[in-house]
Engineer: 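I'd like to ask you about the structure that follows.
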Amino acid sequence: MSRPPGDDPVAAQIRAEIDDHLVTSAEQLQSQGLAADRAHQLSQERFGDPAVITRRCYWIKQGDTLMFRTAVILLLAALCLALGFTTVSSWRSQRQMAQQVAALTEQLRQIAEQKISPPPVAPEPKPLEITGKVYYGSPDKPAAGTEVMICQAFNGEPVRRLTTEANGSFQSAPIAPGDYTLIVSRGDKPPRGVQIQTRPLYVYPATPHAEIEIDAQWRTGAMAVDLSRPLPRIEVPGKFTIDSRLCLALSSNAVRTTRWNTTQPSPDRWPIFLKTTFRPAFGRSADPNERKGAPHVFRAVISNEDIQASSEGILLDGEPNVPAGPCTISATVIADVLPHDFADVPSRVKLGSSGRDPREVPNWLSTEYVLRESMGAVLMGKLSGMKQPNSFELKSAAASPFLLDDAFSEKITISAGGLTRLRIELPDSLATVESQIQELLDSAKKPSDVANALREHNPFIHRAKITVSASEPQ
Amino acid sequence: MKTSPDLLRGALEPVLLEVIAGGATYGYEIARAIEQTSGGQLLAQEGTLYPALHRLEQRGLLEAEWALSPEGRQRKHYQLTALGRKERLAMRREWSEFTRAVNLILGIQNVQAAW
């Protein structure tokens, strides 16, 4: 324990207090008869060491100050340590940075001194291209000189036209990345105008090369029909003629009327055939099925004579063959009445010719007539006082909608390269078609009578049942 | 026989509070009062009073003031503070329970509280 400082007021007060004690004690002893020296000596002995007592008291008094000082000292020490640590850390960081700068400088110097070869150049990306081969039936029958159009898949618009080499191959040369589809013309191969569209091809840097083989073979089969009984034809001289036709409508998902693009549902098979240029000019609403993405419909309107003359196959759309494979077909028998004062004339006869009786019907019950007019139109024209068929008020008797009605359709399969023979059962209602039409003629005195009667019962349209009776190799 | 310093260390502070409460105010007077009351048993050396007095002062149990003695010397006088008075009573109870327990253990019968 250190000695209290001599000039410390606390220590001085302690000394004064102790001195008072010692002097008082000595005075008391002297008053009891002890000599002054002995009294002071005894007083000291009874008190103990005044210096020790003074120091103990001093440090008791300085306890708070001491604690404060200690805290300050500890705080200062901690600050000094922190400062020292920070200084050392900063010094180490600076030294490391200096070392790194030196190393970098050395690397730069080495780079500058050396003739460092430039970084390897990334290889040129492979050009995007489409290659392929077109053939008929098998790869050993190349389609030489065939036009191949590369079209954008999202809208079908062509972006490049190519011609196949002698071996049927083609190469697009570099093209932009994108989704494509190919349209292949079949040249002079029958049927004319039919094109082929391929599945979509995705050409992008990750898949720079699209290759495709295209079989342009138009796989078809012939179709013959047998009727359960002849189509009705009744001629009542001086009154009217009733005649009928068998209407066939066949569609295949493999043959479409317009190019496919990505806005349309994908076909159930690829490639698809496009039959867009051989539509018969049937006039207004002749082909209501001509809508985007719809299958092409092959149609035929045939008579008893046509059936008898086509034992090897009937013509649909003027073609002897129809697409092979699954298809949908409908058979509808239409009947019509030609009043005796109207004449069935070839279409070259001009209606309303001066000096002649104008009551003429051009090509009555021909394919064009059936698809253009409504059955009963001649009768309606007669009642309307017209000199030509009047289909305007007989929309319900038009044949075309019935040809495309799913309720009138059957699913069949056309044998590729063979003859598919169909058995068509004419409905019983056709047996009485004469009496049905006769009843209409007797009851209808004005056009509205016909229209109203047809709403109740239409004697002009009859559904027939189709079954495949045989598939014969051609 | 003088009391050993170890025993005195625990008893000195309640003794001082009691003596000061009894009227002694300064060091020598306090020492005389202890000596006379205890028959000279408690204090081996009078100087040992002062560290205890200063501790009690530091704890706020005593307050002191300087005044001139009849002989003309500066003298420090102590008196109990309110806290000191309260602590004195608590120390009395505590000491009484302590000595009773010790006496029971030591087999000393019929011991009454000291205060």
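So you know, we letter chains A, B, ... as the sequences are listed, proteins then strands, and number each from 1.
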Engineer: Of the backbone (N, CA, C, O) and the side chain (C-beta and beyond), which part of A:Glu27 lies under 4.5 Å from a heavy atom of chain B, both, or neither?
Structural biologist: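 Just the side chain, heavy atoms under 4.5 Å.
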Engineer: Let me confirm one number: the OG1-CD distance from A:Thr24 to B:Glu71, rounded to the nearest 0.5 Å.
Structural biologist: 6.0 Å
Engineer: For B:Arg75, is it the side chain, the backbone, both or neither that has a heavy atom under 4.5 Å from a heavy atom of chain A?
Structural biologist: both
Engineer: Please name the pair of heavy atoms, one in A:Cys57 and one in B:Pro51, separated by the smallest distance, quoted to 0.1 Å.
Structural biologist: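 A:Cys57 and B:Pro51 have their closest heavy atoms at SG-N, 3.5 Å.
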Engineer: Measuring from B:Arg55:CZ to A:Arg56:CZ, what's the distance to the nearest 0.5 Å?
Structural biologist: 6.5 Å
Engineer: Would you call the rings of B:Tyr50 and A:Phe47 parallel, tilted or perpendicular, taking 30° and 60° as the class edges?
Structural biologist: tilted
Engineer: Measuring from atom CD of A:Glu45 to atom CD of B:Glu46, what distance do you get when rounded to the nearest 0.5 angstrom?
Structural biologist: 11.5 Å
Engineer: For A:Ile53 and B:Thr48, which heavy atoms make the closest approach, and how far apart are they?
Structural biologist: CD1-N, 4.1 Å
Engineer: How many angstroms lie between CD in B:Gln58 and CD1 in A:Ile60, if you round to the nearest 0.5 Å?
Structural biologist: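 Those atoms lie 8.0 Å apart.
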Engineer: For B:Glu57, is it the side chain, the backbone, both, or neither that has a heavy atom closer than 4.5 Å to a heavy atom of chain A?
Structural biologist: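 Contact with chain A: side chain only.
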Engineer: Suppose we screen for side chain to side chain donor-acceptor pair (under 3.5 Å). Which residues come up paired with A:Ser25, at least two apart in sequence or across chains?
Structural biologist: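 By the side chain to side chain donor-acceptor pair (under 3.5 Å) rule, A:Ser25 matches A:Ser43.
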Engineer: Rounded to the nearest 0.5 Å, what separation is found between the CD atom of B:Glu29 and the NE2 atom of A:His21?
Structural biologist: 11.5 Å
Engineer: Go through B:Tyr26, B:Trp66, B:Tyr28 and name the one with the most non-hydrogen pairs under 4.5 angstrom from chain A.
Structural biologist: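 Option with the greatest count: B:Tyr28.
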Engineer: Could you state the interatomic distance from CG (A:Asp49) to CD (B:Gln45), rounded to the nearest 0.5 Å?
Structural biologist: 8.5 Å
